[in-house]
Amino acid sequence: MKNIIKNFAVFFLIFAIIATIFSLFDASQKNVEQISVDRLVEEIKNDEVAKIEVRGSQLDVTLKNSNQQVSKKEMNESLNELLKNYEVPSEKVQAVEISVGDEPNSGMFVSTILPFVIPGLFIIGLIWFMMRQVQGVNSRAMSFGQSGAKLADQQKNKVSFKDVAGAKEAKEDLLEVVEFLRQPQKFIVMGAKIPKGLLLLGAPGTGKTLMARAVAGEAKVPFFHISGSEFVEMFVGVGASRVRDLFKKAKKASPCIVFIDEIDAVGRQRGAGLGGSHDEREQTLNQILVEMDGFDNQTNIIVLAATNRPDVLDPALLRPGRFDRQVVIDLPDIRDREEILKIHANKKPLAKDVNLKLVAQRTPGFSGADLANVLNEAAILAAKNGDKNISSQIILDSIERVMLGRERKSYILSENEKKIIAYHEAGHALVAHILPNADPVHKVSIISRGRAAGYTINLPKEDKKLKSYSEFIDDMAVLLGGYSSEKIFFKEVTTGASNDLKRVTETAKRLVTQFGMDEKLGPRTFGEKEEMIFLGKEIHERRDYSEKTAELIDEAISEYISQAQKTATKLINDHKDKMEK
Ligand code: ADP
Ligand code: MG
Ligand code: ZN
C-alpha cells in the first residue's frame, strides 16, 4: 500500500514538472502579441505591416515599427483569399512582403502530440510499476517456504554464561550439550547416544532466551534461532516446509545448534481444539518430529527449544529421542536475585548506600526480567531527576513501580474516598499483622499506583516453594481485611474491594479443587483444564464430577470465604482503636 502511494507521488511529481514546462512554452509565445485577424486586416489597411510569414495556420507579423505579432488563420484557407474576403484592397496587400515558412514544429508538437503522448506514458509507467509490485509479491511468495532462521553472528553475539546469573543446573546441562557438539567422539566411544533435543522450561522472563543465546556464545558452532510463531503463516503448508528448510540448512552446517523459541506456538497438543490454523500447527509439529527422528548418530545437530507452557506441549515432543532432556529454569531465589541484580547493575552508577541484598529481599517472586526492569526504571528515574547516581531510595521505589505500576499522585481523590481507602488498607494491614501465618506487612500506602487506589505490600520472611493450608486460610482473611473494614466503619462496601473478592474466591477454589485441602471433599482434584483454541484463546474447564459434587464444591468455597470474613471482622472489631490510629 505504502509503495503504491509512493509511486503515485512520483508520477504526480513528473506530471507537475511536465505541466510546468508546458506553461513555460506558453509563456514564451506570449512575449509576442497575439492579435485577431480583424486587427491584422486593420493594420494592413493602415499600412502598418511590413512583413507576414505564413507558417501553416500561424501568421508571424512584422510591423513597420519592427514590433512582432502573431495571428491565426484557418488551416486550409490561403492568406490571399482571407484578405480578399476581408476586402483588403489588393495594392495594400502587395505592399506587404508575404512569405511562406515552415510550420511551427515545436508548437505543433507541444500542442497536438504531447497531450496524447503524456497520458499514454503515464499509463504505461503506472502499469510497469504495478507489474513490478506484483512481481515483488511473487518473489516473496516464493520465499515463503524458507525458514528465515537467523544464524547467530559469533562476533556480535557476546552473551556468555557469565551473563546469566543463577540457574546452575540448567547451565550444567547445557554445558554438557556443548561438550557433545565439540567432541562427539568422546561420548560415542562410550556407547553414549548424543541427545537430540533439550527443552528449556520456565516462567516468562526467567532467562530462557538469554540462556540459549549464551549457549550460542559458548558453543563456537553455528547457531540457528527461530521463534515458533515464525512457522505459523497465513498459508497452509508453509510451516512444515519452513521446518524442512530449517533442518536442511542445519544439516549443511552441522555440527550446529538449532534453537526454537516459544515452541508452544506450534507444539501444542494435537487433536484438541477447533479451527483451521490448528491443522497447520499439527503439520508443522509433525514435521519437526519427523526431522528429529531422521538424525542419526553422525548428524551433529542439537535442537534447543524454550517454552513457558510445558503443560500444553504435545507428549510426542517430550518422549525420549526427541526433547528427551528437560531443563527447568525456576524463578530465582534470593541469592540468584542478588546475582542477577549485580549483573544488571554492572554498567550503572549506583550510589554507595545501595544494598543489592536488600533489593533481593524485597523482590520475592520477581523474574530475571522483572529485576532487570527494576534497575532500568531506577536508572530512568535517576536520569530524569538529574541525579549523579542511582540512589537506594530510587531503586526501592522502582520495585513498587514494577510491581504495581507508577505512582499516580495526580489522581485526585475526595477527602471521603481517601478515608475509605485508608480504612480499607488498614484493614488488610491489621489482619496481616495479627495472623501468624500471613506474610508480614512491609508497606501500606493510600497513594494510587497503577490501577490500585491504595495498596498493602506483604513480603514473606523467606522465599518459599511450598504453601500450607493454614497459610491459605490466613491469606484469605487478609484479602478480606479491606472489605470487612469498609463494612465495619462505613456500613457498606465500595467497588474498591472487587479485586480482593476475585482473589479470595480464586484462592478458595484452588484450595478445594486443586490442592485437595478440604476435609469433606477429600484428596482429589476437580475439573480438568483443557485448552480449546477457538476464536482466539480460551481455557475451557471440563467437568469430571457430578452435579451433586458441584454443589458441595460451591458450598465449601463459600464456607471458606465466610470463615475468612468472620476472622477479619473479629480482628478489626477487637482492634478498632488501633485501626483509628
Ligand atoms: P524468557 O525466559 O521469557 O525467554 P528472557 O531470556 O527473554 O526470558 O529474559 C529477559 C531478560 O531478563 C533478559 O534479557 C535479561 O536481561 C533478564 N534476565 C532474565 N534472567 C536472567 C538471569 N538469570 N541473569 C541475568 N539476566 C536475566
Ligand atoms: Mg523468551
Ligand atoms: Zn484491598
Side-chain angles (χ1 to χ4, degrees), residues 159-171 174 199-216 225-229 259-265 304-310 327-333 335-348 360 363 366-376 402 404 420-432 441 444-446 448-449 451-458 475-487 493-504 568:
V159 182
S160 70
F161 279 146
K162 274 207 307 295
D163 301 305
V164 190
K168 289 201 188 58
E169 292 76 17
K171 273 191 206 166
L174 287 164
L199 189 60
L200 294 168
L201 309 172
T206 44
K208 299 178 295 295
T209 307
L210 183 72
M211 188 74 97
R213 276 172 54 213
V215 174
H225 59 112
I226 190 167
S227 173
S229 58
F259 175 51
I260 307 177
D261 207 354
E262 319 279 349
I263 196 173
D264 46 299
L304 295 186
T307 179
N308 45 31
R309 304 290 316 274
V327 178
V328 177
I329 305 186
D330 282 322
L331 283 174
D333 62 16
R335 258 174 308 139
D336 290 344
R337 284 203 297 275
E338 197 182 336
E339 292 297 311
I340 294 173
L341 285 166
K342 265 185 201 153
I343 286 177
H344 288 278
N346 205 1
K347 287 197 191 100
K348 298 188 175 73
T363 48
F366 273 43
S367 70
D370 292 333
L371 292 170
N373 197 7
V374 166
L375 287 182
N376 193 44
V402 169
L404 298 160
I420 294 173
I421 293 167
Y423 275 101
H424 178 109
E425 298 305 332
H428 285 307
L430 183 101
V431 178
V441 180
V444 193
S445 172
I446 59 163
S448 164
R449 228 181 226 291
R451 281 193 296 167
Y455 55 95
T456 304
I457 298 176
N458 310 319
D475 272 1
M476 285 191 285
V478 173
L479 282 171
L480 285 179
Y483 176 93
S484 310
S485 174
E486 284 187 37
K487 243 190 154 167
V493 287
T494 64
T495 51
S498 71
N499 189 44
D500 295 337
L501 302 186
K502 202 171 140 194
R503 279 169 60 197
V504 79

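Numbering of ligands and ligand atoms starts at 1, following listing order. Note that the structure is a prediction, hence the values are computed from the model and not measured.
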Which bit of [X] gets closer than 4.0 Å to ligand 1, counting heavy atoms only: side chain, backbone, both or neither?
X	result
Glu339	neither
Val164	both
Asp336	neither

Please find the pair of heavy atoms, one from [X] and one from [Y], that lie closest to each other, and give the distance.
X	Y	answer
Val441	Thr456	CG1-CG2, 4.0 Å
His424	Gly496	CE1-O, 4.0 Å
Leu371	Thr363	CD2-OG1, 3.7 Å
Ala360	Leu341	N-CD1, 3.9 Å

Considering heavy atoms of the protein only, find what lies nearest to [atom] and give residue, atom and distance to 0.1 Å.
atom	answer
atom 7 (O) of ligand 1	Thr209 CB, 3.8 Å
atom 24 (N) of ligand 1	Ala165 N, 3.0 Å
atom 14 (O) of ligand 1	Leu210 CD1, 4.3 Å
atom 12 (O) of ligand 1	Ala369 CA, 3.1 Å
atom 16 (O) of ligand 1	His344 CE1, 2.9 Å

Side-chain (Lys208) to main-chain (Gly202) donor-acceptor, under 3.5 angstrom: yes
Donor-acceptor contact present, side-chain Ser484 to main-chain Leu480, <3.5 Å: yes
Vertex the Zn ion (ligand 3), arms to His424 NE2 and His428 NE2, rounded to 10°: 90°
Less than 3.5 Å between some nitrogen or oxygen of [X] and one of ligand 1, yes or no?
X	result
Met211	no
Pro204	no
Gly207	yes

Short N/O/S contact of Thr209 with the Mg ion (ligand 2) (below 2.8 Å): yes
Asp500 and His428, any side-chain heavy atoms less than 4.5 Å apart: yes
Residue pair Thr307, Leu201: steps toward the side chain to side chain contact (heavy atoms under 4.5 Å, CB included) verdict: CA-CA 5 Å; Thr307 179; Leu201 309 172; 3.5 Å; yes
Contact check, Gly205 vs ligand 1, heavy-atom distance below 4.0 Å: yes
N/O/S from Asp500 sitting under 2.8 Å away from the Zn ion (ligand 3): yes
Test log, rule side chain to side chain contact (heavy atoms under 4.5 Å, CB included), inputs Leu174 and Phe161: CA-CA 10 Å; Leu174 287 164; Phe161 279 146; 4.0 Å; yes
NZ (Lys348) with more than 12 external heavy atoms under 6.0 Å: yes
Atoms in ligand 1 with a heavy atom of Asp163 nearer than 4.0 Å: 24 (N), 25 (C)
Per-atom contacts, ligand 1 versus Gly368 - under 4.0 Å to a heavy atom: 12 (O), 17 (C), 18 (N), 19 (C), 20 (N)
Pair Glu486, Thr494: side-chain N/O donor-acceptor within cut-off below 3.5 Å: yes
